[in-house]
Amino acid sequence: MNRNRLTDLQAFATVARLRSFRRAATELGVSPSALSHSLRGLEGRLGVRLLNRSTRSVAPTEAGQRLLDRLAPALLDIDSALETLNAFRDSPVGTLRFNALRHAAEHVLAPLANRFLLANAGMRLEIVADDAFVDIIQGGFDAGVRFGESLDRDMVAIPLGPPQRFVVVGAPAYLTQAGRPSDPHELSRHRCIGIRFPSGERYRWEFEKAGEEMEVDVSGPLDVGEMPLMLRAAEDGLGLAYVYEETARASLAAGRLETVLDDWRPTEAGFFLYYPSRRLPSAGLQKFIELVKESRVERTGTTPRASG
(Lines give C-alpha, C1' and ligand atoms only; values in the text may rest on other atoms or scores of the structure.)
Protein backbone atom coordinates (compact mmCIF):
# COMPACT_ATOMS: atom_id res chain seq x y z
CA MET A 1 0.00 0.00 0.00
CA ASN A 2 1.15 3.54 -0.77
CA ARG A 3 2.67 5.04 2.38
CA ASN A 4 0.80 8.35 2.00
CA ARG A 5 -2.50 6.50 1.63
CA LEU A 6 -1.87 4.55 4.83
CA THR A 7 -1.04 7.79 6.64
CA ASP A 8 -4.28 9.39 5.38
CA LEU A 9 -6.32 6.38 6.48
CA GLN A 10 -4.72 6.53 9.93
CA ALA A 11 -5.58 10.23 10.08
CA PHE A 12 -9.20 9.56 9.10
CA ALA A 13 -9.58 6.77 11.69
CA THR A 14 -8.17 8.99 14.44
CA VAL A 15 -10.48 11.92 13.62
CA ALA A 16 -13.50 9.60 13.36
CA ARG A 17 -12.66 7.95 16.68
CA LEU A 18 -12.04 11.17 18.62
CA ARG A 19 -14.73 13.21 16.78
CA SER A 20 -12.36 16.17 16.84
CA PHE A 21 -9.72 17.53 14.45
CA ARG A 22 -7.94 19.31 17.28
CA ARG A 23 -7.65 16.27 19.54
CA ALA A 24 -6.72 14.04 16.61
CA ALA A 25 -4.03 16.50 15.53
CA THR A 26 -2.58 16.48 19.05
CA GLU A 27 -2.52 12.67 19.13
CA LEU A 28 -0.92 12.44 15.68
CA GLY A 29 1.53 15.26 16.26
CA VAL A 30 0.40 17.44 13.33
CA SER A 31 -1.44 20.72 12.96
CA PRO A 32 -5.26 20.75 12.65
CA SER A 33 -4.99 22.53 9.29
CA ALA A 34 -2.60 19.88 7.92
CA LEU A 35 -4.92 17.16 9.16
CA SER A 36 -7.94 18.79 7.54
CA HIS A 37 -6.03 19.12 4.26
CA SER A 38 -5.08 15.44 4.42
CA LEU A 39 -8.70 14.37 4.95
CA ARG A 40 -9.98 16.55 2.09
CA GLY A 41 -7.36 14.98 -0.17
CA LEU A 42 -8.42 11.47 0.87
CA GLU A 43 -12.09 12.23 0.23
CA GLY A 44 -11.19 13.73 -3.14
CA ARG A 45 -9.25 10.65 -4.22
CA LEU A 46 -11.98 8.28 -3.03
CA GLY A 47 -14.79 10.41 -4.44
CA VAL A 48 -16.81 9.93 -1.23
CA ARG A 49 -17.43 12.21 1.73
CA LEU A 50 -16.19 10.43 4.86
CA LEU A 51 -16.82 13.06 7.54
CA ASN A 52 -19.62 15.49 8.28
CA ARG A 53 -18.10 18.69 9.63
CA SER A 54 -19.57 21.69 11.42
CA THR A 55 -18.04 24.44 13.52
CA ARG A 56 -18.84 22.41 16.64
CA SER A 57 -18.65 18.74 15.73
CA VAL A 58 -17.20 16.08 13.45
CA ALA A 59 -18.85 12.71 12.77
CA PRO A 60 -18.38 10.00 10.14
CA THR A 61 -20.90 9.77 7.33
CA GLU A 62 -22.56 6.42 6.62
CA ALA A 63 -19.77 5.65 4.14
CA GLY A 64 -17.17 6.86 6.63
CA GLN A 65 -18.59 4.67 9.40
CA ARG A 66 -18.49 1.61 7.14
CA LEU A 67 -14.87 2.34 6.29
CA LEU A 68 -14.03 2.88 9.97
CA ASP A 69 -15.63 -0.43 10.97
CA ARG A 70 -13.32 -2.28 8.57
CA LEU A 71 -10.32 -0.04 9.05
CA ALA A 72 -10.01 0.10 12.86
CA PRO A 73 -9.21 -3.62 13.38
CA ALA A 74 -6.73 -3.57 10.47
CA LEU A 75 -4.87 -0.54 11.86
CA LEU A 76 -4.81 -2.18 15.29
CA ASP A 77 -3.24 -5.26 13.70
CA ILE A 78 -0.55 -3.06 12.14
CA ASP A 79 0.14 -1.40 15.50
CA SER A 80 0.30 -4.83 17.12
CA ALA A 81 2.79 -6.03 14.51
CA LEU A 82 5.02 -3.02 15.13
CA GLU A 83 4.71 -3.52 18.89
CA THR A 84 6.28 -6.98 18.55
CA LEU A 85 9.57 -5.17 18.03
CA ASN A 86 9.42 -4.31 21.72
CA ALA A 87 10.36 -7.92 22.44
CA PHE A 88 13.86 -7.07 21.20
CA ARG A 89 14.24 -4.21 23.67
CA ASP A 90 15.13 -4.38 27.35
CA SER A 91 11.84 -2.63 28.21
CA PRO A 92 8.70 -1.87 26.16
CA VAL A 93 7.93 1.53 24.70
CA GLY A 94 4.78 3.04 23.26
CA THR A 95 1.21 3.79 24.31
CA LEU A 96 -1.46 1.55 25.85
CA ARG A 97 -5.10 2.63 25.63
CA PHE A 98 -7.59 1.30 28.19
CA ASN A 99 -11.36 1.69 28.36
CA ALA A 100 -12.84 1.06 31.81
CA LEU A 101 -15.95 1.53 33.91
CA ARG A 102 -15.60 4.73 35.92
CA HIS A 103 -15.43 2.98 39.30
CA ALA A 104 -12.89 0.48 37.97
CA ALA A 105 -10.77 3.24 36.45
CA GLU A 106 -10.60 5.16 39.73
CA HIS A 107 -10.33 2.40 42.32
CA VAL A 108 -8.71 -0.53 40.49
CA LEU A 109 -6.95 0.51 37.30
CA ALA A 110 -5.38 3.81 38.37
CA PRO A 111 -3.23 2.37 41.22
CA LEU A 112 -1.88 -0.33 38.90
CA ALA A 113 -1.31 2.22 36.14
CA ASN A 114 0.88 4.31 38.42
CA ARG A 115 2.98 1.28 39.40
CA PHE A 116 3.28 0.26 35.77
CA LEU A 117 4.50 3.68 34.59
CA LEU A 118 7.05 3.95 37.38
CA ALA A 119 8.49 0.58 36.35
CA ASN A 120 8.34 1.17 32.57
CA ALA A 121 9.66 4.61 31.75
CA GLY A 122 9.19 4.14 27.99
CA MET A 123 5.47 3.51 28.25
CA ARG A 124 2.53 5.91 28.18
CA LEU A 125 -1.04 5.11 29.22
CA GLU A 126 -4.40 6.54 28.16
CA ILE A 127 -7.36 5.61 30.36
CA VAL A 128 -10.86 6.43 29.14
CA ALA A 129 -13.48 6.06 31.88
CA ASP A 130 -16.84 5.20 30.35
CA ASP A 131 -19.82 3.30 31.77
CA ALA A 132 -21.17 2.57 28.29
CA PHE A 133 -20.24 -0.78 26.81
CA VAL A 134 -17.55 -0.09 24.21
CA ASP A 135 -16.21 -2.21 21.35
CA ILE A 136 -12.53 -1.93 22.27
CA ILE A 137 -11.37 -3.07 18.83
CA GLN A 138 -13.39 -0.49 16.95
CA GLY A 139 -12.52 2.15 19.54
CA GLY A 140 -8.79 1.54 19.08
CA PHE A 141 -8.20 0.33 22.64
CA ASP A 142 -5.63 -2.26 23.63
CA ALA A 143 -7.75 -3.58 26.51
CA GLY A 144 -10.83 -2.88 28.59
CA VAL A 145 -12.06 -3.37 32.15
CA ARG A 146 -15.59 -4.66 32.78
CA PHE A 147 -17.46 -7.24 34.83
CA GLY A 148 -16.94 -10.76 33.54
CA GLU A 149 -20.55 -11.50 32.61
CA SER A 150 -20.60 -8.66 30.07
CA LEU A 151 -17.63 -9.90 28.00
CA ASP A 152 -17.75 -11.56 24.61
CA ARG A 153 -16.43 -15.09 24.32
CA ASP A 154 -13.64 -14.10 21.94
CA MET A 155 -11.96 -12.07 24.69
CA VAL A 156 -9.20 -13.17 27.02
CA ALA A 157 -10.22 -12.10 30.54
CA ILE A 158 -7.96 -11.81 33.58
CA PRO A 159 -9.28 -11.09 37.12
CA LEU A 160 -8.44 -7.53 38.12
CA GLY A 161 -8.67 -6.15 41.64
CA PRO A 162 -10.69 -7.31 44.64
CA PRO A 163 -14.35 -8.41 44.50
CA GLN A 164 -16.82 -5.53 44.38
CA ARG A 165 -19.76 -5.46 46.81
CA PHE A 166 -22.94 -3.48 46.30
CA VAL A 167 -25.06 -2.04 49.11
CA VAL A 168 -28.40 -0.25 49.42
CA VAL A 169 -28.02 2.93 51.45
CA GLY A 170 -30.24 5.69 52.77
CA ALA A 171 -29.95 8.72 55.04
CA PRO A 172 -30.91 8.16 58.71
CA ALA A 173 -33.64 10.83 58.42
CA TYR A 174 -35.15 9.16 55.35
CA LEU A 175 -35.12 5.71 57.00
CA THR A 176 -36.77 7.12 60.12
CA GLN A 177 -39.53 8.62 58.00
CA ALA A 178 -40.02 5.83 55.41
CA GLY A 179 -38.94 2.79 57.41
CA ARG A 180 -36.27 0.19 56.72
CA PRO A 181 -37.16 -2.39 54.05
CA SER A 182 -36.59 -5.98 55.13
CA ASP A 183 -37.23 -7.55 51.72
CA PRO A 184 -36.46 -6.31 48.17
CA HIS A 185 -40.18 -6.45 47.32
CA GLU A 186 -40.73 -3.63 49.81
CA LEU A 187 -38.68 -1.27 47.63
CA SER A 188 -41.86 -0.58 45.65
CA ARG A 189 -42.99 1.52 48.65
CA HIS A 190 -39.78 3.52 48.72
CA ARG A 191 -38.33 6.38 46.74
CA CYS A 192 -35.29 4.93 44.94
CA ILE A 193 -32.58 6.78 43.06
CA GLY A 194 -32.37 5.04 39.70
CA ILE A 195 -29.28 4.12 37.72
CA ARG A 196 -29.49 4.90 34.01
CA PHE A 197 -26.83 3.66 31.61
CA PRO A 198 -25.52 5.83 28.74
CA SER A 199 -27.66 3.69 26.41
CA GLY A 200 -30.75 4.98 28.22
CA GLU A 201 -31.55 1.64 29.85
CA ARG A 202 -32.38 1.68 33.57
CA TYR A 203 -30.54 -0.75 35.83
CA ARG A 204 -32.59 -3.31 37.77
CA TRP A 205 -31.24 -3.67 41.30
CA GLU A 206 -29.87 -7.16 41.92
CA PHE A 207 -30.20 -9.16 45.14
CA GLU A 208 -29.32 -12.65 46.37
CA LYS A 209 -30.08 -14.57 49.55
CA ALA A 210 -29.55 -18.26 50.28
CA GLY A 211 -29.33 -19.05 46.59
CA GLU A 212 -32.42 -17.02 45.65
CA GLU A 213 -31.66 -14.31 43.10
CA MET A 214 -33.90 -11.35 42.41
CA GLU A 215 -33.93 -8.26 40.19
CA VAL A 216 -36.10 -5.29 41.14
CA ASP A 217 -37.14 -2.50 38.80
CA VAL A 218 -37.19 0.38 41.28
CA SER A 219 -38.74 3.80 40.76
CA GLY A 220 -38.27 7.23 42.23
CA PRO A 221 -37.91 10.95 41.56
CA LEU A 222 -34.37 10.84 40.14
CA ASP A 223 -32.35 8.81 37.64
CA VAL A 224 -28.61 9.46 37.34
CA GLY A 225 -25.59 7.88 35.71
CA GLU A 226 -22.91 8.90 38.22
CA MET A 227 -22.48 7.31 41.64
CA PRO A 228 -21.30 10.53 43.34
CA LEU A 229 -24.63 12.10 42.33
CA MET A 230 -26.49 9.10 43.73
CA LEU A 231 -24.63 9.35 47.04
CA ARG A 232 -25.32 13.08 47.29
CA ALA A 233 -29.02 12.55 46.63
CA ALA A 234 -29.18 9.74 49.20
CA GLU A 235 -27.35 11.84 51.79
CA ASP A 236 -29.84 14.66 51.17
CA GLY A 237 -32.67 12.26 52.03
CA LEU A 238 -34.13 11.95 48.55
CA GLY A 239 -34.35 8.14 48.77
CA LEU A 240 -32.45 4.88 48.69
CA ALA A 241 -29.41 4.31 46.46
CA TYR A 242 -27.69 1.15 45.17
CA VAL A 243 -23.93 1.75 45.07
CA TYR A 244 -20.50 0.18 45.36
CA GLU A 245 -19.67 -0.33 49.04
CA GLU A 246 -16.26 1.25 48.47
CA THR A 247 -17.89 4.39 47.07
CA ALA A 248 -20.13 4.74 50.14
CA ARG A 249 -17.49 3.85 52.73
CA ALA A 250 -16.74 7.41 53.88
CA SER A 251 -20.42 8.34 54.06
CA LEU A 252 -21.21 5.21 56.08
CA ALA A 253 -18.31 5.81 58.47
CA ALA A 254 -19.43 9.40 59.03
CA GLY A 255 -23.03 8.35 59.70
CA ARG A 256 -24.46 10.27 56.77
CA LEU A 257 -25.77 7.00 55.31
CA GLU A 258 -26.84 3.60 56.64
CA THR A 259 -27.17 0.28 54.84
CA VAL A 260 -30.38 -1.74 54.50
CA LEU A 261 -31.18 -5.19 53.12
CA ASP A 262 -27.76 -6.41 54.26
CA ASP A 263 -28.88 -10.04 54.21
CA TRP A 264 -29.91 -9.61 50.56
CA ARG A 265 -26.56 -8.34 49.31
CA PRO A 266 -25.83 -9.74 45.82
CA THR A 267 -22.97 -12.10 45.16
CA GLU A 268 -19.70 -10.23 44.98
CA ALA A 269 -18.67 -9.39 41.43
CA GLY A 270 -15.17 -8.85 40.11
CA PHE A 271 -13.65 -6.74 37.38
CA PHE A 272 -11.67 -8.28 34.55
CA LEU A 273 -8.98 -6.91 32.28
CA TYR A 274 -9.83 -8.18 28.80
CA TYR A 275 -8.36 -8.07 25.30
CA PRO A 276 -9.02 -9.84 21.95
CA SER A 277 -8.03 -13.51 21.92
CA ARG A 278 -7.27 -13.45 18.21
CA ARG A 279 -4.42 -11.01 18.69
CA LEU A 280 -1.22 -11.49 20.67
CA PRO A 281 -0.87 -8.72 23.26
CA SER A 282 1.85 -6.17 22.63
CA ALA A 283 4.99 -6.19 24.74
CA GLY A 284 3.61 -3.29 26.78
CA LEU A 285 0.29 -5.03 27.42
CA GLN A 286 2.13 -8.23 28.35
CA LYS A 287 4.05 -6.26 30.96
CA PHE A 288 0.81 -4.80 32.32
CA ILE A 289 -0.78 -8.28 32.46
CA GLU A 290 2.22 -9.51 34.45
CA LEU A 291 1.67 -6.66 36.92
CA VAL A 292 -2.04 -7.54 37.23
CA LYS A 293 -1.14 -11.15 38.04
CA GLU A 294 1.55 -10.10 40.51
CA SER A 295 -0.84 -7.78 42.32
CA ARG A 296 -3.40 -10.57 42.66
CA VAL A 297 -0.79 -12.88 44.14
CA GLU A 298 0.18 -10.13 46.60
CA ARG A 299 -3.45 -9.63 47.61
CA THR A 300 -4.71 -13.22 47.77
CA GLY A 301 -1.69 -15.51 47.55
CA THR A 302 -3.25 -17.23 44.51
CA THR A 303 -2.30 -17.03 40.85
CA PRO A 304 -5.14 -15.94 38.53
CA ARG A 305 -6.01 -17.94 35.43
CA ALA A 306 -7.04 -16.22 32.21
CA SER A 307 -10.32 -17.20 30.56
CA GLY A 308 -11.43 -16.87 26.97
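Both backbone and side-chain heavy atoms feed into the values below; hydrogens, waters and symmetry mates do not.
Other residues, nucleotides and ligands place no more than 12 heavy atoms under 6.0 Å from the CZ atom of R232. Crowding of R66 atom CZ: a count of heavy atoms from other residues, nucleotides or ligands under 6.0 Å not exceeding 12. More than 12 non-hydrogen atoms from other residues, nucleotides or ligands lie less than 6.0 angstrom from CZ of R249.
Counting only heavy atoms from C-beta outward, the side chains of P276 and V156 never approach each other to under 4.5 Å. Within the 4.5 Å cutoff, side-chain heavy atoms of L112 are placed close to those of F288. Residues S182 and V260 are not in side-chain contact: their nearest non-hydrogen atoms beyond the backbone lie 4.5 Å or more apart. With a 4.5 Å cut-off on side-chain heavy atoms, L291 and R115 count as touching. The side-chain heavy atoms of F141 and D135, taken from C-beta on, include no pair separated by under 4.5 Å. A 4.5 Å side-chain heavy-atom check between N120 and P92 finds at least one atom pair inside the cut-off. Taking 4.5 Å as the limit, every side-chain heavy atom of V218 sits out of range of all side-chain heavy atoms of I193. Within the 4.5 Å cutoff, no side-chain heavy atoms of E106 are placed close to those of E246.
Separating the CE atom in M227 from the CG atom in L101 is a distance of 9.5 Å, to the nearest 0.5 Å. Atom CD1 of residue I137 and atom CG of residue L75 lie 13.0 Å apart, to the nearest 0.5 angstrom. Note: E208 CD to D263 CG = 10.5 Å, rounded to the nearest 0.5 Å. Annotation: the span from S251 atom OG to E235 atom CD amounts to 3.5 Å, rounded to 0.5 Å. Between atom NZ of residue K287 and atom CD of residue E290 there is a gap of 5.0 Å, rounded to the nearest 0.5 Å. The structure places CG of L273 at 10.5 Å from NZ of K293, a figure rounded to the nearest 0.5 Å.
Side-chain contact annotation: S36 with R40, donor-acceptor N/O pair under 3.5 Å present. For the residue pair S38 and D8, a side-chain donor N or O sits within less than 3.5 Å of a side-chain acceptor on the partner. Of the N and O atoms on the side chains of Q286 and S282, not one donor lies less than 3.5 Å from an acceptor on the other residue. Residues E126 and T95 have side chains that never bring a donor and an acceptor to within less than 3.5 angstrom of each other.
No option in L42, L35, L46, T7 other than L42 meets the side-chain contact (heavy atoms from CB on, under 4.5 Å) test with F12.
Classification of E27 and R17 as a salt-bridged pair holds, one side-chain N sitting under 4.0 Å from a carboxylate O. Taking 4.0 Å as the cut-off between side-chain N and carboxylate O, R53 and E43 count as a salt-bridged pair.
Here the closest non-hydrogen pair linking F272 and A157 is CD2-CB, 3.8 Å. Here the closest non-hydrogen pair linking D223 and G194 is OD1-CA, 3.3 Å. The nearest pair of heavy atoms linking A233 to L222 is CB-CD2, 3.8 Å. Between V216 and P184, the closest heavy-atom pair is CG2-CB, 3.9 Å. L187 approaches P181 most closely through the heavy-atom pair CD2-CG, 4.3 Å. In terms of heavy atoms, D217 sits closest to R202 at OD1-NH1, 3.1 Å.
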>> Q65 vs T61, test: side chain to side chain donor-acceptor pair (under 3.5 Å). Steps then yes/no.
In response: CA-CA 6 Å; Q65 186 61 53; T61 62; over 6 Å; no
>> With side-chain contact (heavy atoms from CB on, under 4.5 Å) as the criterion, how do R124 and L96 come out once you've worked through the C-alpha distance, each side chain's angles and the decisive distance to 0.1 Å?
In response: CA-CA 6 Å; R124 178 176 178 273; L96 285 179; over 6 Å; no
> Where do R265 and E245 land on the side-chain contact (heavy atoms from CB on, under 4.5 Å) test, with the steps shown first?
Replying inline: CA-CA 11 Å; R265 288 186 180 183; E245 184 177 41; 3.4 Å; yes
> V224 and I195: side-chain contact (heavy atoms from CB on, under 4.5 Å), yes or no, with the steps?
Replying inline: CA-CA 5 Å; V224 297; I195 307 170; over 6 Å; no
>> Evaluate Y274 against V145 for side-chain contact (heavy atoms from CB on, under 4.5 Å), listing each step before the verdict.
In response: CA-CA 6 Å; Y274 67 99; V145 179; 5.6 Å; no
Got a list of side-chain donor-acceptor pairs under 3.5 Å for residues 167-177, not counting sequence neighbours?
| residue | atom | partner | partner atom | Å |
| --- | --- | --- | --- | --- |
| Y174 | OH | H190 | ND1 | 2.9 |
| Y174 | OH | R191 | N | 3.1 |
| T176 | OG1 | P172 | O | 2.9 |

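Without hydrogens or angle criteria, E206 side chain to R204 main chain gives no donor-acceptor distance under 3.5 Å. Using modelled atom types, one side-chain atom of R97 and one backbone atom of G140 make a donor-acceptor pair closer than 3.5 Å. No donor-acceptor distance shorter than 3.5 angstrom exists from the side chain of T259 to the backbone of D262, with no hydrogens or angles considered. At distances below 3.5 Å, not a single donor-acceptor pair connects side-chain atoms of D130 with backbone N or O atoms of N99. Side-chain N or O atoms of D183 include one that pairs as donor or acceptor with a backbone N or O of H185 at under 3.5 Å.
Applying the salt bridge (charged side-chain N to carboxylate O under 4.0 Å, His left out) criterion to R189, with sequence neighbours excluded, gives E186. Residues passing the salt bridge (charged side-chain N to carboxylate O under 4.0 Å, His left out) test with R23: none are found, sequence neighbours excluded. Among residues two or more places apart in sequence or in another chain, the salt bridge (charged side-chain N to carboxylate O under 4.0 Å, His left out) test is passed with R49 by none.
Each ring pair (Phe, Tyr, Trp, His ring centres under 6.0 Å) pair with one or both residues in residues 15-51, not counting sequence neighbours, would appear here, but there are none. Listed by first then second residue, pairs satisfying ring pair (Phe, Tyr, Trp, His ring centres under 6.0 Å) with a partner in residues 240-266 read H103-Y244, F166-Y242, F166-Y244, Y203-Y242, W205-Y242, F207-Y242, not counting sequence neighbours.
Grouping the Ile, Leu, Val, Met, Phe, Trp and Tyr side chains by contacts below 4.5 angstrom, directly or via other members, places L18 apart from F98.
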